[in-house]
Amino acid sequence: MHTVRNRKKLLERTRKIRGQIEGLERLLEESTGEGDDVSLILQTVASSRGALNGLMCELIEGHIREHVQSGHEISARDRDQAVEDVVEVIKRYLK
């Protein structure tokens with residue numbers, strides 16, 4: 001499975017995201033409400049969101065390549081279900 005094969009890389013990305021979120025929490029705790037503080041908070045939120053989006057894209061791509069694209073290893077019914085699973089996750093993610 002792609003998540004097992006790429007576990008180290010995915011965990012590194014997750015840890016970086018955790019660091020960004022912890023940094024955001026510190027910024028919010030220490031914020032004085034001044035313009036520079038708010039700007040830095042907004043930049044940190046945007047960076048965190050970008051990192052999460054990148055992780056999500058990597059996971060979806062791996063899932064598609066492993067479970068949908070490689071159709072010779074699974075039945076058409078299972079491939080159709082894999083497609084539906086990915087579509088459902090993408091819909092929930094984009095809400």
Side-chain angles (χ1 to χ4, degrees):
M1 177 175 256
H2 57 97
T3 55
V4 172
R5 192 172 46 251
N6 297 325
R7 179 176 288 147
K8 184 177 179 181
K9 182 179 175 184
L10 294 171
L11 285 171
E12 286 174 8
R13 288 184 78 149
T14 303
R15 289 179 182 125
K16 287 179 184 178
I17 292 167
R18 182 186 328 140
Q20 287 177 311
I21 299 299
E22 288 171 353
L24 175 60
E25 182 179 15
R26 280 190 302 277
L27 286 171
L28 289 169
E29 288 174 346
E30 298 168 3
S31 176
T32 61
E34 298 298 317
D36 290 343
D37 288 350
V38 175
S39 179
L40 184 56
I41 289 168
L42 291 170
Q43 289 174 6
T44 305
V45 169
S47 296
S48 300
R49 181 178 181 197
L52 278 171
N53 286 342
L55 176 62
M56 183 65 151
C57 287
E58 186 172 337
L59 290 168
I60 289 172
E61 179 183 353
H63 182 73
I64 290 170
R65 291 188 187 284
E66 184 138 333
H67 298 289
V68 179
Q69 186 179 33
S70 63
H72 63 278
E73 299 171 10
I74 60 175
S75 70
R77 191 177 99 199
D78 288 343
R79 186 173 48 251
D80 289 344
Q81 184 59 53
V83 168
E84 289 304 315
D85 292 345
V86 170
V87 168
E88 186 61 33
V89 167
I90 292 170
K91 285 179 179 179
R92 268 187 263 136
Y93 185 71
L94 294 175
K95 281 188 174 181

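No hydrogens, no waters, no symmetry mates; every other heavy atom, side chains included, goes into these values.
How far CD1 of I41 is from CD of E30: 10.0 Å, rounded to the nearest 0.5 Å. Here S48 contributes atom OG and N53 contributes atom CG; the two are 11.0 Å apart, rounded to the nearest 0.5 Å. Expressed to the nearest 0.5 Å, how far CD of E88 lies from CD1 of I90 amounts to 10.5 Å.
Under a hydrophobic clustering in which Ile, Leu, Val, Met, Phe, Trp and Tyr are joined whenever their side-chain heavy atoms come within less than 4.5 Å, directly or via other members, V89 and V83 fall into the same cluster. I64 and M56 fall within the same hydrophobic cluster, defined by Ile, Leu, Val, Met, Phe, Trp and Tyr side-chain heavy atoms under 4.5 Å apart, directly or through other members. One hydrophobic cluster, built from ILVMFWY side chains closer than 4.5 Å, holds both I21 and L59. Under the 4.5 Å side-chain heavy-atom criterion for grouping Ile, Leu, Val, Met, Phe, Trp and Tyr, L11 is not connected to I17 through any hydrophobic cluster. Residues V86 and Y93 fall within the same hydrophobic cluster, defined by Ile, Leu, Val, Met, Phe, Trp and Tyr side chains chained together at heavy-atom separations under 4.5 Å.
Among L42, T44, D37, the one residue that satisfies the side-chain contact (heavy atoms from CB on, under 4.5 Å) test with L40 is T44.
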Determine, stepwise, if the pair Q81 / E84 fulfils side-chain contact (heavy atoms from CB on, under 4.5 Å). CA-CA 5 Å; Q81 184 59 53; E84 289 304 315; 4.2 Å; yes
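A51 and R13 make their closest contact through O-NH2, 4.1 Å (heavy atoms, listed as atom of the first residue, atom of the second, distance).
Remark: E12 does not engage K16 in a salt bridge, criterion side-chain N to carboxylate O under 4.0 Å.
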